[in-house]
Protein chains: 2
Amino acid sequence: MTDPTASAEPPSGPPARRRGRPSRAASAGTRDRILTAAREEFSAHGYDKTSVRQIAKAAGVDSALVHHYFGTKEQVFAAAVEVAFAPALAAPDTLAEGPADGVGERLARFVLGVWENPTTRAPLLAILRSAVTNETAAAVFRRLVAAQLVRRVAARLDLPDAELRAELAAAQLVGTALMRYVLKLEPLASADVEEIIARVSPVVQKHLTQP
Amino acid sequence: MTDPTASAEPPSGPPARRRGRPSRAASAGTRDRILTAAREEFSAHGYDKTSVRQIAKAAGVDSALVHHYFGTKEQVFAAAVEVAFAPALAAPDTLAEGPADGVGERLARFVLGVWENPTTRAPLLAILRSAVTNETAAAVFRRLVAAQLVRRVAARLDLPDAELRAELAAAQLVGTALMRYVLKLEPLASADVEEIIARVSPVVQKHLTQP
């Protein structure tokens, strides 16, 4: 397996770049292009049916460069998931941004806002699809969600069972998103988002703070 | 397209049966064998990657017989979903089996009980996987859940917004099942099921009955 940290330079550049080492800016551009291609390929075909070769082709680079920057397919997936998750990672911060009796509403509004926006919804949906259908993808998802969301939300709660509370609150929000945006069950799918927020906020609040 | 209701007899029997028309019992046996094969094939490969031909092969029958009994691939899937859903279909009945202030706990206990048992969990998981990754499978799932669960739970509630209430209660339970049994997030995945029931029951109760 290629060690992505072994060298600061790619082992072989893309065909268009022939004049020696790529600049730092060019490297960052290539890395981003690979990540975007990875997200699109995983999104369109799922984890199982996506190969590093396909991702490289979609990004217009050699497979070796994908391995250089990210390592294995699992590691490319983890990096793509992290990017796709970026908009959701501010969720724990919303808990600190106001009175304690409003954490339920702030978290519900934030999470449903991310799902309501097609631009931030698409990558989340792609990850959820891969995680639900493939065990390796589920493990990547699990590690990221545990480290970046559950632990950080729990850290704000200061209760002994904070992680379980955070997960049950997340279960209400993820279940609502699944039924509204993926399975599209009516009347939930067409209900006004403010109506949904009003109904789930007390539940999220209850999970997070009720003794 | 073959009309599955056009004749009471299959157009061609399985190879083992050569002595004229199959009996009613033999037909029922073949139908069940096809359904079991369909559930296993959809479960293992997902909706997209499963063909009627594969299902027929797994059941040891001709593809024409699958079309005769069920119609299109979508219709085979719908029939398999209905069978997989059978254990969940008693959920609405639990609402009537005791005092009104216990509906939350009864529904939570019932739904988590179905997910906790590997025999009833496997087919539900297979459907959820197909529904999350394929739009046709999602539509089949949606119609069944709407008709068999949401409407029936709502009918017991006698409130104007009963369907939305039923769906938000289901969102808590489906989200919990997804995170516990599919994504396996800790500490939720290893928590005692009675602890989970104790925590989600008041939420389900709130969604279903609180004014």
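So you know, we letter chains A, B, ... as the sequences are listed, proteins then strands, and number each from 1. Being a predicted model, the structure only gives us computed values, none of them experimental. We use all heavy atoms of the structure for the numbers below, so side chains are in, but hydrogens, waters and symmetry mates are not.
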Check whether A/Ala177 gets within reach of chain B through its side chain, its backbone, both or neither, counting any heavy atom under 4.5 Å. neither
Examine B/Lys73 relative to B/Tyr47 and say whether NZ or CZ is less than 6.0 Å from the centre of the six-membered ring and inside a 45° cone about the ring axis. yes
Would you mind checking which part of B/Leu185 comes under 4.5 Å of any heavy atom in chain A, side chain (CB onward), backbone (N, CA, C, O), both or neither? both
Start with the C-alpha distance between A/Glu116 and A/Arg180, add both sets of side-chain angles, then the distance that settles salt bridge (charged side-chain N to carboxylate O under 4.0 Å, His left out), and finish with yes or no. CA-CA 10 Å; A/Glu116 194 72 9; A/Arg180 178 175 165 91; 3.4 Å; yes
Largest heavy-atom contact set with chain A, pairs under 4.5 Å, which of B/Leu168, B/Leu178, B/Leu173: B/Leu168
Option in B/Val174, B/Leu183, B/Val182, B/Val150 with maximal non-hydrogen atom pairs under 4.5 Å from chain A: B/Leu183
Does the side chain of B/Gln54 come under 3.5 Å of the side chain of B/Thr50 through a donor N or O and an acceptor N or O? no
Between B/Ala166 and chain A, which part of the residue has a heavy atom less than 4.5 Å away: side chain, backbone, both or neither? neither
Considering only heavy atoms and a distance below 4.5 Å, find which of A/Glu135, A/Lys206, A/Arg165 pairs most often with chain B. A/Lys206
Contacting region of B/Lys49 [heavy-atom separation from chain A under 4.5 Å]: side chain
Measure A/Glu186 against the heavy atoms of chain B and call it side chain, backbone, both or neither at under 4.5 Å. backbone
Are a donor atom and an acceptor atom from the side chains of B/Gln172 and B/Thr176 found within less than 3.5 Å of each other? yes
If you tally heavy-atom pairs under 4.5 Å against chain B, which of A/Glu195, A/Lys184, A/Arg143, A/Glu163 wins? A/Lys184
At a 4.5 Å cut-off on heavy atoms, which part of A/Leu188 comes close to chain B: side chain, backbone, both, or neither? both
Trace of the salt bridge (charged side-chain N to carboxylate O under 4.0 Å, His left out) decision for A/Glu82 with A/Arg39: CA-CA 10 Å; A/Glu82 203 143 356; A/Arg39 219 189 57 201; over 6 Å; no
